[in-house]
Amino acid sequence: MYANILPQDCLCHDCGKPLDIQHQDDGKGGSYIIVTCWNPTCLLRTVTRSLLTYRTLTDSEWESYREMNRTRVAQAF
């Protein structure tokens with residue numbers, strides 16, 4: 001299953017940097033891939049999703065994550 005993942009499948013939607021890839025147990029004896037952007041300058045940093053749902057987010061969902069990070073940065077100052 002994981003052998004079919006291409007490098008371009010694991011790049012951040014916004015900054016294009018490689019995503020951190022982890023395997024998450026599904027509680028049923030299997031697992032799935034979760035991905036996270038850790039680039040501190042990216043507005044999608046700390047967004048963790050399964051690779052499958054990461055690929056299918058809508059423009060408005062992407063923007064909601066960006067706004068979440070903008071708000072977090074504004075509150076830190």
Is it the case that one hydrophobic cluster holds both Leu57 and Leu51, taking links as side-chain heavy atoms less than 4.5 Å apart, direct or via other members?
yes

Within-4.5 Å side-chain heavy-atom neighbours: Thr71 and Glu67:
yes

Does the side chain of Tyr65 reach to within under 4.5 Å of the side chain of His13, using non-hydrogen atoms?
no

Within this structure, what is the CG-NZ distance for the pair Asn39 and Lys17, rounded to the nearest 0.5 Å?
6.0 Å

Just to verify, which of Ile33, Val35, Leu11 counts as forming a side chain to side chain contact (heavy atoms under 4.5 Å, CB included) with Leu19?
Val35

CD1 (Ile34) and OG1 (Thr53) are apart, to the nearest 0.5 Å, by 10.5 Å

The criterion is side chain to side chain donor-acceptor pair (under 3.5 Å); which residues satisfy it with Glu61, sequence neighbours excluded?
Thr58

Would you indicate whether the side-chain heavy atoms of Thr48 and Gln22 approach each other to under 4.5 Å?
no

Among Val47, Leu44, Leu43, which one satisfies side chain to side chain contact (heavy atoms under 4.5 Å, CB included) with Cys12?
Leu44

Gap separating the OH atom of Tyr32 from the CG atom of Asp25, nearest 0.5 angstrom
9.0 Å

In this structure, SG of Cys37 is separated from CZ of Arg49 (nearest 0.5 Å) by 14.5 Å

Are any non-hydrogen side-chain atoms of Ser31 and Asp26 less than 4.5 angstrom apart?
no

Report the distance from atom OH of Tyr54 to atom OG1 of Thr36, rounding to the nearest 0.5 Å.
9.0 Å

